Number of protein chains: 2
Amino acid sequence: MVNASMKDVAIKANVSTATVSHVINETRYVAEETKKKVYAAMRELDYQPNSVARSLRSRKTNIIGLLVPLVASDTSNFFFMSIANGIEQVLKENGYNLILSNSGEDLEVEQNQIKVFNTQFIDGLIVAPVDSKEHDYRENLHGTYPTVFIDREPKDRVGDTVLIDSGAGTYDGIRLLIKKGHHRIGYITGPLGITTSDERLAAYRRAFTDNGLALDEALIKEGKATFETGEELTEELVKEGVTAIFVANNVMTMGAVRYLQDHKVRIPDDVAIIGFDDYDWLRITSPPLSVVKQPSYELGRAAVEFLIDRLNGNEEPYRLHRLPSELVIRGSC
Amino acid sequence: MVNASMKDVAIKANVSTATVSHVINETRYVAEETKKKVYAAMRELDYQPNSVARSLRSRKTNIIGLLVPLVASDTSNFFFMSIANGIEQVLKENGYNLILSNSGEDLEVEQNQIKVFNTQFIDGLIVAPVDSKEHDYRENLHGTYPTVFIDREPKDRVGDTVLIDSGAGTYDGIRLLIKKGHHRIGYITGPLGITTSDERLAAYRRAFTDNGLALDEALIKEGKATFETGEELTEELVKEGVTAIFVANNVMTMGAVRYLQDHKVRIPDDVAIIGFDDYDWLRITSPPLSVVKQPSYELGRAAVEFLIDRLNGNEEPYRLHRLPSELVIRGSC
DNA sequence: CTGAAAGCGCTAACAG
DNA sequence: CTGTTAGCGCTTTCAG
């Protein structure tokens, strides 16, 4: 059986479609008697309101787009997946649905997807922009719907932005290492030039100067954010005679640990290590890994709250919000 | 500026809306001259077709729903996240969008979400049903859109189903342990009574009988799928004097490893272990963990292919497809 | 307290 | 080769 329309219900209940609509949406007073008739008709016909028609009329889809930059790696993906999870949950609580899309860290794909979204689809957009300080989002984001940027700060503020203050966790980590007597602390980072990487490195430097320590630039190693590069850079650092390593990237953290394990470098006795991002799995590495934890789920929640605020008509200037990161101390330092 | 409609374009180009529509959709012949005028008008007005109106008319949203049962655990979630990733990718290749929704392993939430989807929203649904052999999906799935079930088999077949043959990987794992001389092989599983758990346990039994070995029922431990339960059951097994443990659940695998580490039980010398599901992180446990790997990403792809086949009008009886699982041998056995 | 009717933006049958 | 026009199912104004 094909779905019954509102008209069918109206006929069966002997009322107008207007009344049916008002009963459904509780948008004007309807006599109890009439309501009952309408409900009965709805039940009998197994009526399901057509949300597409409703959207067309009300110019509201109740759908929010989410654009994340996943690449082929469990580790880095998990961060965004976790954000997505938080977002979906809060969205549902507020009666919204989530369209998930992946830019694959590819600017072109990202911009294309935004164009698709521009086709009147979504009521709002949350985007973790592709790594790039260059791109101008004003090109495709015309303000038809509110946008919230997460995790990475876009060049031009075209919406609220929610970031994680990963510098704070980094600072705490380095300070702890220094307090434990480490002076030659290696630093491994993914490509610099993107906000998150730069922020963390700055914190590393700051921790040194704040503690009156000289910093050896040779101990700062930058490379691609891969397992293998993590291994290589760790090797370089070990040869430099570091007693501790801070890895500012999750995937590289694994490579670093692997190198130390493979070369029988004892953690933390020979080399202490602090990594980035927290996962259940880190409880079963040996020793359990100390890391800077980013509140991914909370980031998702916050982003939605900002977005809903805009959807409710908030017209204030765009805001920038930072969530704290946290140093989780386990056995590796 | 508010978005231009097709009518605006038609007026500006001095043609009818029908022509504009046909130009856009290439659905009937239009003279080159006319086309050019239309394109020009579109560009000038920055015209974006309204997909909601289009959907209302064509009764097709190009949106596919995905319903997964995430709970608050990195480990188990990652499996479904990875599936979602595969699904999104293939969907995009085919011009579809993905609405992501989480049932939280709660039957009521799941059924509610299906009801939301029934509101004419989606063109198709992929669902990893909540753990339960009881529920009758025919109640809410009326065949208005095709549905594909993944990972878990529902009681009544109301759509194609794509599963992973995790029994095969389990069988291989047990066989390998037996071949290595283990006879007392403990088995840890999450709650029985759901298809995946039952299948794996059956494979365990089969591996024993196929090898002419007696099986000690006391070595089969069932419990909640949590880290802590994994630890507890491992303790019980160690006290039973097992020389190897097979853990048929990802979260419990971590608990098991943790227990062995904490109690200085050497892996694999004192107790060999094989776990479930593969993650990057398992490369840095010590020793690196051997596991049964499930092709989550491929599962996603396969599900979409089935769905699209249905959307293209395939009316054959529902099919059941199984993807192979794979034993990944590292250092823990 | 309720109904009639316009119209959201688009597609497609029908007509030329 | 192109235009006219009737809806898709709903919301909402205006009128009673």
Side-chain angles (χ1 to χ4, degrees), chain A residues 1-39 41-42 45-63 95 116 118-123 144-145, chain B residues 1-42 45-63 116 118-123 144-145:
Chain A
M1 184 202 88
V2 102
N3 277 322
S5 78
M6 205 158 104
K7 197 171 165 189
D8 301 327
V9 176
I11 291 171
K12 169 144 290 189
N14 246 306
V15 296
S16 70
T17 58
T19 298
V20 177
S21 172
H22 285 123
V23 168
I24 291 169
N25 302 307
E26 303 185 314
T27 169
R28 86 173 173 196
Y29 186 85
V30 177
E32 276 308 321
E33 272 305 290
T34 319
K35 271 192 198 170
K36 271 192 196 130
K37 283 194 301 183
V38 172
Y39 283 131
M42 280 172 37
L45 296 170
D46 190 25
Y47 172 70
Q48 308 276 33
N50 180 319
S51 57
V52 176
R54 177 179 290 177
S55 293
L56 178 58
R57 190 54 234 247
S58 63
R59 340 225 85 246
K60 197 164 177 328
T61 58
N62 269 25
I63 296 177
V116 171
N118 282 341
T119 306
Q120 305 275 15
F121 226 114
I122 55 171
D123 286 348
T144 343
Y145 48 78
Chain B
M1 184 203 86
V2 102
N3 277 321
S5 78
M6 205 157 106
K7 198 171 165 189
D8 301 327
V9 175
I11 291 170
K12 170 145 286 187
N14 245 307
V15 296
S16 71
T17 59
T19 298
V20 177
S21 172
H22 284 122
V23 168
I24 290 170
N25 303 306
E26 303 185 315
T27 168
R28 85 175 174 194
Y29 187 84
V30 176
E32 276 307 321
E33 273 304 290
T34 320
K35 272 192 197 169
K36 271 192 197 130
K37 284 194 299 184
V38 172
Y39 283 131
M42 279 172 37
L45 296 170
D46 189 26
Y47 171 69
Q48 307 276 35
N50 180 318
S51 57
V52 175
R54 178 179 288 179
S55 292
L56 178 58
R57 191 56 235 244
S58 63
R59 339 223 88 246
K60 198 166 175 326
T61 58
N62 270 24
I63 296 177
V116 171
N118 282 341
T119 307
Q120 305 276 15
F121 226 113
I122 54 171
D123 286 348
T144 344
Y145 49 78

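Keep in mind the model is a prediction, meaning the values are calculated, not measured.
In this structure, the helix from dC1(C)-dG16(D) to dG16(C)-dC1(D) shows an angle of 40° between the axis at its start and the axis at its end, each fitted on 5 base pairs and rounded to 10°.
Checked by atom type and distance alone, the side chain of S58(A) pairs as donor or acceptor with a backbone atom of R54(A) at under 3.5 Å. Although no hydrogens or angles enter the test, the distance criterion places no donor-acceptor pair under 3.5 Å between the side chain of T17(A) and the main chain of A10(A).
Backbone-only contact: N14(B) has heavy atoms under 4.0 Å from sugar-phosphate atoms and none from a base. V20(B) comes within contact range of no nucleotide atom at all, as no heavy-atom separation falls under 4.0 Å. If you check every strand for non-hydrogen atoms under 4.0 Å, V52(A) touches nothing.
Straight-line distance from the CD1 atom of I11(B) to the P atom of dT2(D): 18 Å, rounded to whole Å. Q48(A) has its CD atom 11 Å from the P atom of dC10(D), to the nearest Å. Here the P atom of nucleotide dC10(D) and the CZ atom of F121(B) are 14 Å apart, to the nearest Å. Atom NZ in K60(B) sits roughly 18 Å away from atom P in dC10(C) (whole-Å rounding). If you take CE of M42(A) and C1' of dC10(D), they are 14 Å apart, rounded to a whole angstrom.
With sequence neighbours left out, N50(A) forms a side-chain hydrogen bond (donor to acceptor under 3.5 Å, both in side chains) with no residue at all. The salt bridge (charged side-chain N to carboxylate O under 4.0 Å, His left out) check on E32(B) picks up K35(B), with sequence neighbours excluded. Evaluation of the side-chain hydrogen bond (donor to acceptor under 3.5 Å, both in side chains) rule for S51(A) yields no partner, not counting sequence neighbours.
Listed by first then second residue, pairs satisfying salt bridge (Lys or Arg N to Asp or Glu O under 4.0 Å) with a partner in residues 5-27 of chain A read K12(A)-E44(A), not counting sequence neighbours.
In this structure, the nucleotide among dG9(D), dC1(C), dG3(D) sitting nearest to the side chain of L56(A) is dG9(D).
Counting heavy atoms from C-beta on, the side chains of M42(A) and I24(A) come closer than 4.5 Å. Counting only heavy atoms from C-beta outward, the side chains of V30(A) and T19(A) approach each other to under 4.5 Å.
Position along DNA chain D of the nearest nucleotide to R59(B) versus V30(B) favours V30(B) as the more 5'-ward residue.
Atom OG of residue S5(A) and atom CD1 of residue I11(A) lie 7.5 Å apart, to the nearest 0.5 angstrom.
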List the protein contact pattern of nucleotides 11-16 of chain C with one symbol per nucleotide (5' to 3'): B for base contact, S for sugar-phosphate-only contact, - for none; contact means a heavy-atom distance under 4.0 Å. BB-B--
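Here S5(A) does not reach the OP1 or OP2 of dG9(D): none of its side-chain N or O atoms lies under 4.0 Å away.
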